[in-house]
Protein chains: 2
Amino acid sequence: MAKPRPDTNSGTPNNAAQIGTQLRESRERFVALWGQMGAHWGIPRTMAEVHATLFIAGRPMNTDEIIDFLEISRGNASMTLRKLIDWGIVQRVHLRGDRKEYFQAEQDVWKLFRTILRERKKREVDPVLEELRQCRALTDGLAPRNSDDQQQLLGHNNRLNSMLTFLEMVADISAGLTNDAGAELQRAASTLSSATTEQAS
Amino acid sequence: MAKPRPDTNSGTPNNAAQIGTQLRESRERFVALWGQMGAHWGIPRTMAEVHATLFIAGRPMNTDEIIDFLEISRGNASMTLRKLIDWGIVQRVHLRGDRKEYFQAEQDVWKLFRTILRERKKREVDPVLEELRQCRALTDGLAPRNSDDQQQLLGHNNRLNSMLTFLEMVADISAGLTNDAGAELQRAASTLSSATTEQAS
DNA sequence: GCGAATTTTCAACTCGTTTTGAAAGTTCTG
DNA sequence: CAGAACTTTCAAAACGAGTTGAAAATTCGC
């Protein structure tokens, strides 16, 4: 599945300055990219950037470090970190000997996405489903007298139903991917991935 | 999988006025809901609303009808409809005897979501993957002299790699779900759905 | 080809979201 | 318990995505 890729940088030892520069650029581009991507998917840019910063750092950082790195205000950092903690993808840690609060991002990518999926489902999908069911209830079981009405009603109910059925299926899959039997589903998804790519020609 | 649901409205014939009212409310709530949902997922509210309007109407509508229903400007309607057409989930149709252009939404929910998936993948996922690969190239194959650098580099590359691998898998799955062997994958997804819900306890 | 009907474009504007920063609150330390 | 270190809050400012509407462009029928 993984294509062999050529090493892009020389195999000869590099000096520390070089490595530092490359690392810094790599981090910065990753953070920018993540922020941009978040924006496309309805996640505030800064929130995604803070998360990316913590993720790519791979170590706990305190508020000031984040403020300096991203050049954002203290208030913004505070609020954003809180949201990330609410989402469950960043944790507070207390480093002994330091009074400041530190934050670290979940490093397991699968766990990360499961968490995000669970949160978004809970907050955004489930309420939609509920409202959609109420929508259906409005016209469900109405018995029209003339055939024109009947036609309309039938179409309408069919449309609502197919949408609802589909979304319920999506919700089911999410729920399955989300419950703590995570390893199982990781396997399942990988299988699905290879299965689908093979049949794509 | 589908739970039996009780009819919520009486089984006795209803008059036309009643039905009209219920239908209108159902449509309006559906449109509002869809718009709200879109907004959560990075789709402009109006764009989602226009799509919802066409979808739930189940018949071609012209620009003016849409303008009236959603109370938006002509310019807005024009641009939004174009985006929907670009996305491939709305088509232009010409009704004989009418000079106006009409628009109709894809009615097959699966096809609809496959199209959306394909578009978003192409526009938002693939570019991210590309940039992420470039990101990795920056630090890939660097050979640090001291073990501290080595440590850092190793961690960094691991993080980038796990993220990249994961996203590539997601892209693969999307591609599989997306290619025109759609029926197959519909079956696959349903299977996954029931499989995962069964194991969830 | 001309004029009416219709659609598209785009600069200005609007409005909701995000960010700021200073003030208030909290928690820790001596 | 007082004072310092640090965090959170929130009203106001900045910002930008989305919207408008009138003018330009296009299309169609005669």
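From a predicted model like this one, the values you see are computed outputs, not experimental measurements. No hydrogens, no waters, no symmetry mates; every other heavy atom, side chains included, goes into these values. So you know, we letter chains A, B, ... as the sequences are listed, proteins then strands, and number each from 1.
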Worksheet, complete the sentence: For residues 37-54 of chain A, the side-chain hydrogen bond (donor to acceptor under 3.5 Å, both in side chains) pairs (sequence neighbours left out) are A/Trp34-A/His51

Contact list (N/O, under 3.5 angstrom) for nucleotides 23-30 of chain C vs protein:
| unit_1 | atom_1 | unit_2 | atom_2 | d |
| --- | --- | --- | --- | --- |
| C/dT27 | O2 | A/Arg99 | NH2 | 3.1 |

Worksheet item: Does B/Arg133 pair with B/Glu168 as a salt bridge, N-O distance under 4.0 Å?
Response: yes

Worksheet entry | Pairing residues for B/Asp86 by the salt bridge (charged side-chain N to carboxylate O under 4.0 Å, His left out) criterion, not counting sequence neighbours | none

Item to complete: Mind calculating the distance between CG (A/Asp64) and P (D/dT7) to the nearest angstrom?
Response: 7 Å

Discussion item. Near DNA chain C, counting only heavy atoms under 4.0 Å, which residues of residues 34-46 of chain A show up?
Written reply: A/Pro44, A/Thr46

Item to complete: Please name all residues satisfying side chain to side chain donor-acceptor pair (under 3.5 Å) with A/Arg74, sequence neighbours left out, ordered by chain then number.
Response: A/Asp64

Discussion item. Just to verify, what does A/Glu131 make a salt bridge (charged side-chain N to carboxylate O under 4.0 Å, His left out) with, not counting sequence neighbours?
Written reply: B/Arg29

Response to the item:
From CD1 of B/Ile67 across to C1' of D/dA22 the rounded distance in Å is 14 Å

Discussion item. Distance check, rounded to the nearest 0.5 Å: A/Leu153 atom CG versus A/Asp140 atom CG?
Written reply: 8.5 Å

Worksheet item: Tell me: CD of B/Glu101 to P of D/dT27, nearest whole Å?
Response: 10 Å

Worksheet item: Can you check the B/Arg92 CZ to D/dT27 P distance for me, whole Å?
Response: 10 Å

Fill in: Distance, rounded to the nearest Å, where B/Ile72 contributes CD1 and D/dG18 contributes P
14 Å

Worksheet item: Just how far, in rounded Å, is C1' of C/dT7 from NZ of B/Lys83?
Response: 17 Å

Practice prompt. Could you pull out all residues at least two apart from B/Glu119 that satisfy salt bridge (charged side-chain N to carboxylate O under 4.0 Å, His left out)?
Written response: B/Lys122, B/Arg123

Give me, pair by pair, the N or O atoms of the protein and of nucleotides 13-16 of chain C that are less than 3.5 Å apart, along with how far apart they are.
none

Worksheet item: Among D/dC10, D/dG21, D/dT8, which is the nearest nucleotide to the side chain of B/Ser73?
Response: D/dG21

Practice prompt. Using the test side chain to side chain donor-acceptor pair (under 3.5 Å), find all partners of B/Arg159 that sit at least two apart in sequence or belong to another chain.
Written response: none

Worksheet item: What integer distance in Å separates A/Lys100:NZ from D/dT8:P?
Response: 14 Å

Item to complete: Hey, could you give me each pair passing ring pair (Phe, Tyr, Trp, His ring centres under 6.0 Å) that has a residue in residues 137-178 of chain A? Not counting sequence neighbours.
Response: A/Phe166-B/Trp110, A/Phe166-B/Phe113

Worksheet entry | Atom-to-atom span, NE2 of A/His94 to P of D/dA5 - whole angstrom | 19 Å

Worksheet item: With sequence neighbours excluded, what pairs up with A/Glu65 under the salt bridge (charged side-chain N to carboxylate O under 4.0 Å, His left out) test?
Response: A/Arg59

Discussion item. Checking A/Asp148 now: which residues fulfil side chain to side chain donor-acceptor pair (under 3.5 Å) with it, not counting sequence neighbours?
Written reply: none

